[in-house]
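A quick write-up on the structure given underneath.
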Amino acid sequence: MRQTWIGTSWKMTKTLAESSSFARGLAARAHQDGWAGVQPFVIPPSTSLRLVADVLDGSGVLVGAQNAHWEDEGAWTGEVSVPLVVDAGARLVEIGHSERRTHFGETDETVRLKVSAALRHGCIPLLCVGEPEEVFARGGSTAFVLAQVEAAMRGLGPDEQRRVIVAYEPVWAIGEHGRAARPEDVSGVFEQLAAEFGSRVRALLYGGSVDAGNAARTLEVPHVHGLFVGRAAWTLPGFLKILDIAVSHGATCGST
Ligand code: 13P
């Protein structure tokens, strides 16, 4: 049985004090509970990456970065590279989130370069893909998402592909203006993602308005190996609740 991945990106939230408090609480619970069958991960803003990685060291919770440049170093003002985030404690790098594609000009090509950079430095690429509302409305979700994954993994060998985690996050489901997907909205995409990439990548996750009310039913969608959560996991109790749901889910059924 695969493990269930449950993670949260804090996006552009949390001061050092807030990050510390969350991470300390999570570390305490990790030592107490362990979350059998579940791999938790936390993706803080770059300002608190080092702090959170230090606090969670040895807890079993993976820590990641929200973005990293494809070059290792150089004159790229305002950017951080994969070696820099690894040095700060990241073991995973989020790449291609729709907010970065929409607001910061991320393209399939920059996403591909960043996936390669993450792999080059031993990081897990957390590749985010998802279709906009108009594509969903005309029934084009599956083709759109498969093309994004294909583009991001172009040129990778089988061993490299096996380290990639894909997070399917429909753009229309993300954030405070998003609406939670129903299982039937996304099951077709997961069916095809699994058929094309399921045995090639490490895991397929779902993200977009996940909360404690819909986490269990989302984990029941075939081929969903975990959840990538924003707002509902920005408080420690919120994240712990979803972790507990994933543990219960894993205890009752294996993910495919
Ligand atoms: P929300 O859960 O806040 O919709 O955000 C999801 C997300 O963007 C995770 O990457």
Side-chain angles (χ1 to χ4, degrees), residues 4-14 18-19 22 38-46 48-49 52 61-68 85 90-104 106 111 114-115 118 123-133 136 141 144-145 148-149 152 164-183 185-186 189-190 193 201-219 221 224-243 245-246:
T4 304
W5 294 77
I6 300 292
T8 178
S9 163
W10 294 347
K11 304 192 183 186
M12 199 170 71
T13 72
K14 296 205 193 303
E18 290 161 349
S19 300
F22 189 119
V38 173
Q39 174 59 67
F41 62 93
V42 171
I43 308 188
S46 55
S48 55
L49 180 52
V52 171
V61 178
L62 282 178
V63 177
Q66 294 182 19
N67 176 41
V85 299
R91 295 292 168 264
L92 175 151
V93 181
E94 183 181 351
I95 298 166
H97 190 279
S98 76
E99 287 150 15
R100 296 212 54 87
R101 293 181 193 252
T102 302
H103 304 300
F104 301 100
E106 199 83 270
V111 167
K114 290 177 177 196
V115 167
C123 265
I124 300 170
L126 176 60
L127 167 64
C128 300
V129 294
E131 81 286 4
E133 175 81 65
F136 173 73
S141 306
F144 189 96
V145 167
Q148 281 186 325
V149 178
V164 175
I165 296 177
V166 176
Y168 169 44
E169 308 198 298
V171 177
W172 48 268
I174 293 175
E176 57 184 326
H177 302 298
R179 63 173 197 283
R182 299 165 304 173
D185 293 329
V186 297
V189 174
F190 276 103
L193 272 175
V201 301
R202 189 157 183 178
L204 303 174
L205 314 189
Y206 173 78
S209 293
V210 170
D211 60 24
N214 60 34
R217 70 164 192 255
T218 308
L219 284 171
V221 174
V224 170
H225 310 134
L227 303 171
F228 189 21
V229 191
R231 293 155 297 150
W234 286 351
T235 64
L236 181 59
F239 190 43
L240 292 174
K241 179 95 186 114
I242 295 172
L243 284 168
I245 290 167

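Counting starts at 1 for both ligands and their atoms, following the listed order.
For R101 (side chain) and G96 (main-chain N/O), a donor-acceptor pair under 3.5 Å exists by modelled atom type.
Below 30°, between 30° and 60°, or above 60°: for W172 and F136 the angle between ring planes is between 30° and 60°, a tilted geometry. Taking the six-membered ring where the residue is Trp, F22 and F239 present tilted rings, their angle falling between 30° and 60°. Using cut-offs of 30° and 60° for the angle between ring planes, the H97 and F228 rings count as perpendicular.
Residue E169 touches ligand 1 through its side chain alone, judged by heavy-atom distances below 4.0 Å.
Checking only distances, S9 never comes within under 3.5 Å of ligand 1, N or O to N or O. Any N or O atom pair closer than 3.5 Å counts here, and G207 shares no such pair with ligand 1. At least one N or O atom of R231 sits closer than 3.5 Å to an N or O atom of ligand 1. In terms of N/O distances under 3.5 Å, ligand 1 is approached by G230.
The contact set between ligand 1 and I174, taken as ligand atoms under 4.0 Å from a residue heavy atom, comprises 4 (O), 8 (O). In summary, the atoms of ligand 1 found under 4.0 Å from a heavy atom of S209, numbered by their order in the structure, are 1 (P), 2 (O), 4 (O).
Counting non-hydrogen atoms of other residues, nucleotides and ligands closer than 6.0 Å to NZ of K241 gives a total of 12 or fewer.
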How far apart are the C-alpha atoms of R100 and E94, what are their side-chain angles, what is the distance that settles it, and do they pass the salt bridge (Lys or Arg N to Asp or Glu O under 4.0 Å) test?
CA-CA 10 Å; R100 296 212 54 87; E94 183 181 351; over 6 Å; no
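Selection from A232, G175, A180 by nearest heavy atom to atom 4 (O) of ligand 1 gives G175.
Ligand 1 is never approached by G178 to a heavy-atom distance shorter than 4.0 Å. In this structure, K11 has a heavy atom closer than 4.0 Å to ligand 1.
Residue A65 comes nearest to I43 through the heavy atom pair C-CG2, 3.4 Å, listed as atom of the first residue, atom of the second, then distance.
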